[in-house]
Amino acid sequence: MAERSAVRLTATLDSRLSRWLWLVKWILALPHYFVLVFLWIAFFVLTVVAFFAILFTGRYPHTIFEFNVGVLRWTWRVSYYAYGALGTDRYPPFTLHDVPDYPARLDIAPPQRLSRGLVLVKWWLLAIPHYLVVAFFTGPGIEMASGTWEDSGPALDWGLIGLLVLFAAVALLFSARYPRGVFDFVLGMQRWVYRVVAYAALMTDVYPPFRLDQGGDEPASTRDEPAAGAVEAKPPAAKRPARWSAGPVFLMAAGALAAALALGTLAAAVAITAVDRSRGSDGYLSTDLERASGAGYALVSEEAEIRGEGVEFLRDFLGTVRITARDGKPLFVGIGPRAEVERYLSGVPYERITHTVFSRGDERDLVQEGEPGATAPPRPELQPFWAAKTAGPGTQQLTWDVREGEWTVVVMNADASPGITADLRLGATLPGISGIATGLYVATVVLLGLGAILIVLSIRLARPE
């Protein structure tokens, strides 16, 4: 006899299904998908909360357990209606609660106690074999409709469930019949998927069986039948169900979203802090040296237009900008107004440096401009229009404070000869970066506090009296 599973997934195939409705169910189900995005964020956050609760107490908080069961239940109804089964044309209700007369139902027996040690390994190590099976059923990315997140890959990434449901849809279109064998097999795979999801989400310690229980009903079990002459133990008193109405659900989703956003702001703050601590001893944050070379007379940057109300912010954020260039012969580095630079280089060949040079070091990203074969331009350091300039042998460093206007950086041989090679580096003091990190840390604390308040309030409102 089959062992009873903590997860009970059942479904009844509609006797009459529309030939064509499945073509538009993806549109009809969009409101549910929108809501489920937020519910699954809450599911993830609450599973983390449950992890620590189980680790320290051995118990899964009852109200949180019922919420997470409700999310799985809602997801299964939408999946059954849409492309996880296409087994009914009855529109799914917007509720976390069980709907006894709906054709698709899911329930999970609440555990009395859970292993405090097992919680550390079952969701990743012990579940790995099942993850491989589920990936075969659902494709490389598990669909949200099948229990987690949706994959946007091509049709061949749907997995076996998606392909069989597509086959059933084509059969419906031409014969108005859903092949019973396909239905039973799809339900068996979906049942396997939800058992794994419940186990990985710490909702049960019962290891999912490697068994394809096909059909709309759960398999019969004698696991709980008492032996002859034995005294049947009295089951523990059932707890009253939580009241997960629209208000508590909304507060829970909002709190979980705030907590998830807090994780994002924390990650950004840590990353910015790491960048800030990578400053050189001179206080500059700089790119790596990248080589650029060309046969023309100059290496010219893309134009930087700095105008409008953001000038002051950009000046405060960037601080002092520094351009470093070095080569074996004397170099000139200057920054000047775009129009003046274009007039100076008019009629002579030069190469324009694209931003990708500094991200990949690819010299092929230089764009040749100007007219080949023209006479050499005058020596650059003698031109009066430069806002900042430096020239000479060895490493040249040009510093410049951000100003309003349209600016272009030019690197040339100091004697204005053709054929230039230079190792270039961009840097800036970025004095505002530490303030941004501080602001993100503050935002993390605020979002975590707000999320915690909303989650606790929602649980209190949903808690049975």
- Hey, would you say the Y91 and H32 ring centroids sit under 6.0 Å apart?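 Centroid distance Y91-H32: below 6.0 Å, so yes.
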- Taking the six-membered ring for Trp, are the ring centroids of Y194 and W76 within less than 6.0 Å of each other?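 So the answer is yes for these two rings.
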- Using the six-membered ring of Y199, assess whether NZ or CZ of K122 lies under 6.0 Å from its centre and within 45 degrees of the ring axis.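 Verdict for Y199: a cation-pi partner in K122.
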- Query: Between Y60 and N68, does a side chain to side chain donor-acceptor pair (under 3.5 Å) hold up when you go through it step by step?
  - Reply: CA-CA 11 Å; Y60 200 120; N68 283 353; 2.8 Å; yes
- Query: Is it the case that Q396 and T390 place a side-chain donor and acceptor less than 3.5 Å from each other?
  - Reply: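 Yes, because at least one side-chain N or O of Q396 sits under 3.5 Å from a partner of the opposite role on T390.
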- Between the side chains of T75 and W40, is a donor N or O closer than 3.5 angstrom to an acceptor N or O?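 Distance-only check passes for T75 and W40.
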Which atom pairs, one a donor and one an acceptor, fall under 3.5 Å between side chains of residues 453-461 and the rest of the protein, sequence neighbours left out?
residue: S458; atom: OG; partner: L454; partner atom: O; Å: 3.3
residue: S458; atom: OG; partner: I455; partner atom: O; Å: 2.7

Would you indicate whether the side-chain heavy atoms of [Y] and [X] approach each other to under 4.5 Å?
X	Y	value
M203	L72	yes
V196	W192	yes
I420	Y297	no
W400	V409	no
W20	L172	no
L36	F43	no

- Item | Partner of I108 under side chain to side chain contact (heavy atoms under 4.5 Å, CB included), chosen from L9, V197, V7 |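 Of the listed options, the one satisfying the test is V7.
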- Roughly how far, to the nearest 0.5 Å, is the CG atom of D423 from the CG atom of L289?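 Rounded to the nearest 0.5 Å, the CG-CG separation comes to 5.5 Å.
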- Task: Starting at CG of D327, measure out to CG of N413 and round the result to the nearest 0.5 Å.
- Result: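 D327 atom CG to N413 atom CG measures 7.0 Å (nearest 0.5 Å).
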- Query: Of all heavy-atom pairs between L202 and I54, which one has the smallest distance, and what is that distance?
  - Reply: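 Closest pair (atom of L202, atom of I54, distance): O-CD1, 3.7 Å.
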- Query: For Y178, which residues count as a ring pair (Phe, Tyr, Trp, His ring centres under 6.0 Å) partner, sequence neighbours excluded?
  - Reply: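 Y178 satisfies ring pair (Phe, Tyr, Trp, His ring centres under 6.0 Å) with F183 once adjacent residues are dropped.
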- Would you please classify the geometry between the H130 ring and the F210 ring as parallel, tilted or perpendicular, with 30° and 60° separating the classes?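 Parallel: the ring planes of F210 and H130 meet at under 30°.
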- salt bridge (Lys or Arg N to Asp or Glu O under 4.0 Å) partners of E404, counting only residues at least two apart: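 Salt bridge (Lys or Arg N to Asp or Glu O under 4.0 Å) list for E404, sorted by chain: empty.
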- Message: What verdict does the side-chain contact (heavy atoms from CB on, under 4.5 Å) test give for L17 and L86, after you've listed the backbone C-alpha separation in whole Å, the side-chain angles of each residue and the deciding distance to 0.1 Å?
- Response: CA-CA 9 Å; L17 289 167; L86 291 176; over 6 Å; no
Considering only distance and modelled atom types, tabulate donor-acceptor pairs under 3.5 Å from the side chains of residues 245-265, sequence neighbours left out.
residue: T265; atom: OG1; partner: L261; partner atom: O; Å: 3.4
residue: T265; atom: OG1; partner: A262; partner atom: O; Å: 2.9
residue: T265; atom: OG1; partner: T444; partner atom: OG1; Å: 2.7

Answer yes or no: are there more than 12 heavy-atom neighbours, outside [X] itself, under 6.0 Å from its atom [atom1]?
X	atom1	value
F167	CZ	no
R326	CZ	no
F34	CZ	no

- Do L160 and F185 pass the side-chain contact (heavy atoms from CB on, under 4.5 Å) test, and can you show the C-alpha distance, the side-chain angles, and the key distance before you say yes or no? CA-CA 10 Å; L160 189 55; F185 194 46; 3.8 Å; yes
- Message: side-chain contact (heavy atoms from CB on, under 4.5 Å) for S286 and L426? Distances and angles first, verdict last.
- Response: CA-CA 6 Å; S286 304; L426 302 179; over 6 Å; no
- Answer yes or no: is there a donor N or O on one side and an acceptor on the other, between the side chain of S278 and the main chain of V275, under 3.5 Å?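 Side chain of S278 to backbone of V275, a donor-acceptor pair under 3.5 Å: yes, one is there.
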- Message: Given 3.5 Å as the limit, does a donor-acceptor pair link the side chain of Y207 with the main chain of L126, or not?
- Response: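 Yes; judged by distance alone, with no hydrogens or angles, the pair exists.
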- Query: With sequence neighbours left out, what residues match E381 under side-chain contact (heavy atoms from CB on, under 4.5 Å)?
  - Reply: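 By the side-chain contact (heavy atoms from CB on, under 4.5 Å) rule, E381 matches F332, R379, A391.
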Exercise answer: donor-acceptor pairs, residues 316-323 side-chain atoms, under 3.5 Å, sequence neighbours excluded:
residue: T320; atom: OG1; partner: D401; partner atom: OD1; Å: 3.0
residue: R322; atom: NH1; partner: D282; partner atom: OD2; Å: 2.7
residue: R322; atom: NH2; partner: D282; partner atom: OD2; Å: 2.9

- Kindly determine whether W74 and T95 satisfy side-chain contact (heavy atoms from CB on, under 4.5 Å), including the steps that lead there. CA-CA 7 Å; W74 191 327; T95 179; 5.6 Å; no
- Query: Should R338 and E302 count as an ion pair when the cut-off is N to O under 4.0 Å?
  - Reply: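 Looking at R338 and E302, the cut-off is not met.
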- Does R307 pair with E406 as a salt bridge, N-O distance under 4.0 Å?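 Between E406 and R307 there is a salt bridge, with a charged N closer than 4.0 Å to a carboxylate O.
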- Might you work through the ring-ring contact (aromatic ring centres under 6.0 Å, His included) test for Y83 and W26, ending with a clear yes or no? CA-CA 8 Å; Y83 303 104; W26 67 274; 8.5 Å; no
